[in-house]
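Only this structure's heavy atoms are used, side chains among them; waters, hydrogens and symmetry mates stay out. Numbers here are sequence positions counted from 1. From a predicted model like this one, the values you see are computed outputs, not experimental measurements.
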Amino acid sequence: MSYISVALGGAIGSLGRYAISLIPVKSQFPIITLITNFFGAILIGFIVGLTERKNFSKDSILFWKTGICGGFTTFSTFSLEAYNLFESKMYGFCSAYVLLSVIGCFFGVWCGKKISTCML
């Protein structure tokens, strides 16, 4: 059952990620991936915050955290885009992208956990 939970969640998360990637944005800066990672960080923080306070089954945690969040967030895409910016000698964009992604997603996890505590 664990594999099915992860697979179903991953499919949903991947579809969500794909849908967001269709938003037309004309920029050399990978803003869509940055936003996706930020919201993914909020979501995973929220899920972790809830599961620390409520009793959720192992399969439901796998569905949300590993499946949906794993399929939705795009860290491998982030890494490739950062590398491409670096390789293109766009060092300012590369540095801003890496810093904003790491700091923003760290903050996103914190926000998600705080939001989850307000709901209980």
Side-chain angles (χ1 to χ4, degrees):
M1 188 61 181
S2 296
Y3 288 102
I4 293 169
S5 297
V6 171
L8 289 174
I12 292 167
S14 296
L15 286 170
R17 170 66 184 112
Y18 176 68
I20 288 174
S21 75
L22 297 176
I23 297 171
V25 174
K26 301 230 186 249
S27 173
Q28 290 181 313
F29 190 82
I31 190 71
I32 295 295
T33 303
L34 179 64
I35 290 168
T36 301
N37 284 337
F38 179 71
F39 283 113
I42 291 172
L43 180 60
I44 203 165
F46 179 77
I47 292 164
V48 168
L50 282 181
T51 59
E52 287 175 350
R53 290 165 189 80
K54 296 280 186 179
N55 189 19
F56 287 87
S57 72
K58 176 186 168 193
D59 287 332
S60 67
I61 293 170
L62 285 170
F63 172 80
W64 284 99
K65 206 163 91 175
T66 306
I68 289 183
C69 289
F72 181 70
T73 57
T74 53
F75 198 76
S76 59
T77 302
F78 154 75
S79 300
L80 176 62
E81 289 172 341
Y83 177 81
N84 288 341
L85 290 169
F86 182 83
E87 191 175 51
S88 298
K89 298 184 183 354
M90 299 175 80
Y91 303 120
F93 272 172
C94 179
S95 298
Y97 185 50
V98 169
L99 286 172
L100 287 169
S101 293
V102 172
I103 293 168
C105 291
F106 182 89
F107 179 70
V109 168
W110 180 83
C111 286
K113 287 190 80 172
K114 291 296 179 186
I115 293 167
S116 75
T117 61
C118 293
M119 295 184 65
L120 300 175

May I ask whether [X] and [Y] are part of the same hydrophobic cluster, defined by side-chain heavy atoms of I, L, V, M, F, W, Y residues being less than 4.5 angstrom apart, directly or through others?
X: Phe107; Y: Phe72; answer: yes
X: Ile20; Y: Ile31; answer: yes
X: Ile35; Y: Ile23; answer: yes
X: Ile44; Y: Ile12; answer: no
X: Ile4; Y: Ile68; answer: yes

With sequence neighbours excluded, tell me which residues meet side chain to side chain contact (heavy atoms under 4.5 Å, CB included) with [X].
X: Thr51; value: Ile47, Phe56, Ile61
X: Tyr91; value: Phe86, Lys89
X: Ser95; value: none
X: Thr74; value: Arg17, Thr33, Thr36, Asn37, Thr77

- line: Those residues at least two apart in sequence (or on a different chain) that pass side chain to side chain donor-acceptor pair (under 3.5 Å) with Ser88 are none

message: Could you work out, with side chain to side chain donor-acceptor pair (under 3.5 Å) as the rule, every residue matching Ser21, not counting sequence neighbours?
response: none

If every non-hydrogen atom of [X] is compared with every non-hydrogen atom of [Y], which pair is closest and at what distance?
X: Gly49; Y: Ser116; answer: CA-OG, 3.2 Å
X: Ala82; Y: Cys94; answer: O-SG, 3.4 Å
X: Cys105; Y: Ala41; answer: O-CB, 3.2 Å
X: Thr117; Y: Arg53; answer: CG2-NH2, 2.6 Å

- request: If a pair satisfies ring-ring contact (aromatic ring centres under 6.0 Å, His included) and one of its residues is in residues 8-34, list it, with sequence neighbours excluded.
  value: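 ring-ring contact (aromatic ring centres under 6.0 Å, His included) check on residues 8-34 returns Phe29-Phe93, Phe29-Tyr97.
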
task: Sort and list the pairs that fulfil salt bridge (Lys or Arg N to Asp or Glu O under 4.0 Å) and have at least one residue in residues 21-34, not counting sequence neighbours.
output: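 Counting only pairs at least two positions apart or across chains, no salt bridge (Lys or Arg N to Asp or Glu O under 4.0 Å) contact touches residues 21-34.
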
- request: Output every pair passing salt bridge (Lys or Arg N to Asp or Glu O under 4.0 Å) with a member in residues 100-119, not counting sequence neighbours, ordered by first then second residue.
  value: Glu52-Lys113

So how far is it from [X] [atom1] to [Y] [atom2], rounded to the nearest 0.5 Å?
X: Lys65; Y: Leu50; atom1: NZ; atom2: CG; value: 12.0 Å
X: Ser57; Y: Met1; atom1: OG; atom2: CE; value: 8.5 Å
X: Tyr3; Y: Asp59; atom1: OH; atom2: CG; value: 12.0 Å

query: Should side-chain heavy atoms under 4.5 Å link Ile, Leu, Val, Met, Phe, Trp and Tyr, which residues sit in the same cluster as Val6?
result: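 Grouped by the 4.5 Å side-chain rule, Leu62 form the rest of the cluster around Val6.
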
query: Within a reach of under 6.0 Å around CZ of Phe38, are more than 12 heavy atoms found that belong to other residues, nucleotides or ligands?
result: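 For Phe38, atom CZ is crowded (more than 12 foreign heavy atoms under 6.0 Å).
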
- prompt: Tyr83: what forms a ring-ring contact (aromatic ring centres under 6.0 Å, His included) with it, not counting sequence neighbours?
  reply: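 Result, ring-ring contact (aromatic ring centres under 6.0 Å, His included) vs Tyr83: none returned.
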
Residues that Phe75 engages under ring-ring contact (aromatic ring centres under 6.0 Å, His included), provided they are two or more places apart: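 For Phe75 the ring-ring contact (aromatic ring centres under 6.0 Å, His included) partners, ignoring immediate neighbours, are Phe78.
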
